[in-house]
Amino acid sequence: MQNILPKEFYEKHDTLTLSKLLLGCTLVHESPEGRTAGIIVETEGYLQGDPACHAYRKKSTRNAPMFERPGTCYVYLIYGMHYCVNISSGAKDIGEAVLIRALEPTEGIELMQKRRKTNDLKNLCSGPAKLVQAMGITLDFNFLTLDSEEFHCLASTNNDFSIVTTTRIGITQGADLPYRFYIEGNKFVSRK
DNA sequence: CATAAGATCACC
DNA sequence: GTGATCTTATGA
């Protein structure tokens with residue numbers, strides 16, 4: 001068995017630090033259909049006082065998982081048809097999270113290809129809604145904590161990369177904030 | 001009632 | 001490569 005990141009990992013760091021530390025870690029989902037896994041290569045942080053953050057105004061039915069203990073899963077529907085997955089961060093009762101934007105597929109490629117209905121490796125997990133589909137993540141994952149056998153992150157085994165920091169993608173509010181991070185040169189990042 | 005942390009397809 | 005279009009829960 002490999003090194004499942006414990007809840008202390010998520011509690012120990014602030015949101016932006018965690019966003020960077022998650023790069024290189026492997027997200028794993030053991031589903032009934034099979035195991036899928038991928039290296040996190042792109043993340044974005046969403047903070048308190050940040051107008052782009054879903055928890056900017058107040059706690060609600062949708063964003064409630066963001067206020068849970070760090071390491072709690074937050075999944076939401078966007079554009080009426082896509083789902084994206086976040087990991088709650090910041091202290092409990094603080095509405096912050098890290099959006100997982102892209103993975104480099106490592107295990108369960110065939111299953112991902114079936115779920116995504118494409119064989120193109122670079123089109124499997126190179127976007128927040130793509131990886132959710134490829135990994136078989138659903139709304140039911142809300143409030144799950146990322147420390148179970150079925151759903152977790154594995155510690156990074158490689159720190160031999162540089163992190164690029166940019167502004168976030170697809171937002172209008174807070175568009176100038178440098179809260180997006182990705183592994184330099186990685187081919188599976190959603191876009192430049 | 002307008003919008004949204006996106007992906008896809010048609011057509012340059 | 002670029003722009004139009006899909007679709008609906010959520011929150012103002």
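Just so we're on the same page: letters track the sequence lines, and every chain starts at 1. What you see below is based on every heavy atom in this structure, not just the backbone, and it leaves out hydrogens, waters and symmetry mates.
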Practice task
Rounded to the nearest angstrom, tell me the gap between atom CG in A/Leu77 and atom P in C/dG11.
Solution key: 12 Å

Problem - Residue A/Asn123, side-chain atoms from C-beta onward, closest of B/dT8, C/dA12, B/dG6 - result: B/dT8

Handout entry: Check: B/dA5 base within 3.5 Å donor-acceptor of A/Tyr76 side chain
Key = yes

Handout entry: 5′-ward residue of the pair A/Lys130/A/Thr172 relative to DNA chain B
Key = A/Thr172

Problem - Whether A/Glu42 side chain and A/Tyr182 backbone form a donor-acceptor pair below 3.5 Å - result: no

Problem - Distance in angstrom units between A/Met81 CE and C/dT10 P, rounded - result: 15 Å

Problem - Any A/His54 side-chain nitrogen or oxygen under 4.0 Å from OP1 or OP2 of B/dA5 - result: yes

Problem - 4.5 Å side-chain heavy-atom contact, A/Arg168 and A/Asp50 - result: yes

Problem - Of the listed nucleotides B/dA7, B/dG6, C/dA12, the one nearest the side chain of A/Arg57 - result: C/dA12

Exercise for the section: Please report, rounded to the nearest Å, how far the C1' atom of B/dA4 is from the CG atom of A/Asn63. Expected result: 14 Å

Exercise for the section: Describe the nucleic acid contact of A/Ala129 in one word from base, sugar-phosphate, nothing, applying a heavy-atom distance below 4.0 Å. Expected result: sugar-phosphate

Problem - Stepwise side chain to side chain donor-acceptor pair (under 3.5 Å) check, A/Arg116 with A/Gln133 - result: CA-CA 6 Å; A/Arg116 291 273 304 129; A/Gln133 188 181 24; 2.7 Å; yes

Problem - Spacing between A/Met66 atom CE and C/dG11 atom P, to the nearest angstrom - result: 12 Å

Completion exercise
From CZ of A/Arg191 across to P of B/dA5 the rounded distance in Å is 13 Å

Completion exercise
To the nearest angstrom, the CD-C1' distance between A/Gln133 and B/dA7 comes to 9 Å

Completion exercise
Closest of C/dG11, B/dA5, B/dG6 to the A/Ile169 side chain is B/dG6

Practice task
Indicate, with a heavy-atom threshold strictly under 4.0 Å, whether A/Ser60 touches base, sugar-phosphate, or nothing.
Solution key: sugar-phosphate

Exercise for the section: Would you indicate, yes or no, if B/dT8 has its OP1 or OP2 atom less than 4.0 angstrom from a side-chain nitrogen or oxygen of A/Arg116? Expected result: yes

Exercise for the section: Please name the residue in the list A/Thr167, A/Thr43, A/Thr165, A/Thr166 that meets the side-chain hydrogen bond (donor to acceptor under 3.5 Å, both in side chains) test with A/Arg180. Expected result: A/Thr166

Exercise for the section: Report yes if the ring of A/Tyr79 lies under 5.5 Å from the six-membered base ring of B/dA7 with planes under 30°, and no otherwise. Expected result: no

Practice task
In whole angstrom, give the distance that lies between atom CZ of A/Arg62 and atom P of C/dG11.
Solution key: 5 Å

Exercise for the section: Ignoring hydrogens and angles, tell me if any N or O in the side chain of A/Ser19 forms a donor-acceptor pair with the backbone of A/Val98 under 3.5 Å. Expected result: no

Problem - Watson-Crick or G-U wobble partner of B/dA4, both distances under 3.5 Å - result: C/dT8

Fill in the blank from the handout: In whole angstroms, the gap separating C1' of B/dA4 from OH of A/Tyr56 amounts to 17 Å

